[in-house]
Protein chains: 2
Amino acid sequence: MGVRYGIGEVAARTGVSVHAIRFYEREGIIGPAERLPGGNRTYSAEDIDWLDHCVVLRGSGLSVKELCRYRELVRRGDGTESERIALLAEHARRIEHRQRLLDQALQLVRHKIAVYEDVLEGTANIRCIPGGDGAGAGDRRR
Amino acid sequence: MGVRYGIGEVAARTGVSVHAIRFYEREGIIGPAERLPGGNRTYSAEDIDWLDHCVVLRGSGLSVKELCRYRELVRRGDGTESERIALLAEHARRIEHRQRLLDQALQLVRHKIAVYEDVLEGTANIRCIPGGDGAGAGDRRR
DNA sequence: GTAGGACCTAGAGTCCGGTCTAGGTCAATG
DNA sequence: CATTGACCTAGACCGGACTCTAGGTCCTAC
């Protein structure tokens, strides 16, 4: 048991470049990899799993720094759970916030697309308000 | 009619810093502002609306460059609708992709939080797999 | 008339998150 | 034994998106 993987293989499996993996190690997102006699890094399946998690978390906007902090808490082990929860809960809030922004943006984009499509179909080419972009969202404050 | 606003006021209303507004102008995201005799920029309500849209689009990950391109199409006016649609549709796809990533991340985060909460409640402190972070998601390929 | 505040320009600086380079080691292969 | 390929290190470099600085102009109000 205990299959091990070279850095290139890990890169291929996770989609993280070899450079980025080393960078993550330097930054402390992933622990110092074990080395083969000769100095090459080797990784276990668990290392890959952790890296996969990192990809997901980074992809959702968790900064390298926060990710380091999280890993440090995990490394320190017992007694850090509530800090981990705090960190993750904070991040969950940020994700939810981003989701709302994305929803809003998607609506705006779809609305604009619809307007342009109408224009193309001639349905609405009554030559609208000059100066406008012809695709206002109309849902502003003020 | 035709109330006009100074750059500071626009900044306050849109949440975009004065610096960033000038930066956006240099980059071409917003057109060269009209000037008061004396050189100060003034903005109309429509300018503010456009800037608000820009905020939403930027916030959803549309790059400054793409936003410039979009504004350029709008400026060129009639005949650019299908290009605008293409650009926006492409962006809509990116937003949807980001949404999926965020959903995935949110699930992971919530799962981890739940696991740590269980640990805190003593429900699960059977001292788990050493080396694990105690909050694996278990939904990996491989 | 001088202080304060809002604004101006050009351009330098910052932060983030990688990415790339140069120069080198090591193991297997033809 | 020369080449190839995967890997190594330290550190320079990059693109994106601002942000800030320095030095200056106006206008209003005391």
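Residue numbers begin at 1 in each chain, while the letters A, B, ... track the order of the sequences.
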Check whether any side-chain nitrogen or oxygen of A/Y24 sits under 4.0 Å from OP1 or OP2 of C/dG18, and answer yes or no. yes
To the nearest angstrom, how far is A/R22 atom CZ from C/dG24 atom P? 17 Å
For atom CD of B/E25 and atom P of D/dA17, their distance in whole Å: 18 Å
I need the B/E27 CD to B/S63 OG distance, nearest 0.5 Å. 10.5 Å
Rounded off to whole Å, could you give me the CG-to-P distance for the B/L62 and D/dC18 pair? 12 Å
To the nearest angstrom, how far is A/K65 atom NZ from C/dT14 atom P? 16 Å
Between B/E9 and B/H19, just flag the one whose closest nucleotide in DNA chain C comes earlier from the 5' side. B/E9
For C/dT19, does OP1 or OP2 lie under 4.0 Å from any side-chain N or O of A/S17? yes
Which residue lies more 5' along DNA chain D, comparing A/V18 with B/S63 via nearest heavy atoms: A/V18
Between D/dC8 (P) and A/R26 (CZ): distance, integer Å: 12 Å
Check the distance between C/dT19's P and A/R58's CZ and give it to me in whole angstrom. 11 Å
Interatomic distance, CG@A/L62 vs CD@A/E90, rounded to 0.5 Å, equals 10.0 Å
Tested for side chain to side chain contact (heavy atoms under 4.5 Å, CB included) against A/I95, the lone hit among A/R98, A/Q99, A/R93 is A/Q99
Give the rounded distance in Å between these two atoms: CZ of A/F23 and P of C/dT19. 9 Å
From A/L106 atom CG to B/H91 atom NE2, the distance as rounded to the nearest 0.5 Å: 8.5 Å
Please check this pair: side chain of A/D118 against backbone of A/V115, looking for a donor-acceptor N/O pair closer than 3.5 Å. no
At a heavy-atom distance below 4.0 Å, what parts of residues 33-41 of chain B sit against DNA chain C? B/R35, B/G39, B/N40, B/R41
Expressed as a whole number of angstroms, how long is the span from A/E27:CD to C/dC16:C1'? 10 Å
Between A/R69 and A/E66, is the salt bridge (charged side-chain N to carboxylate O under 4.0 Å, His left out) condition met? List the steps. CA-CA 5 Å; A/R69 210 169 78 76; A/E66 286 277 83; 3.8 Å; yes
Please round to the nearest 0.5 Å and tell me the distance separating atom CD of A/E83 and atom CD of A/E72. 10.0 Å
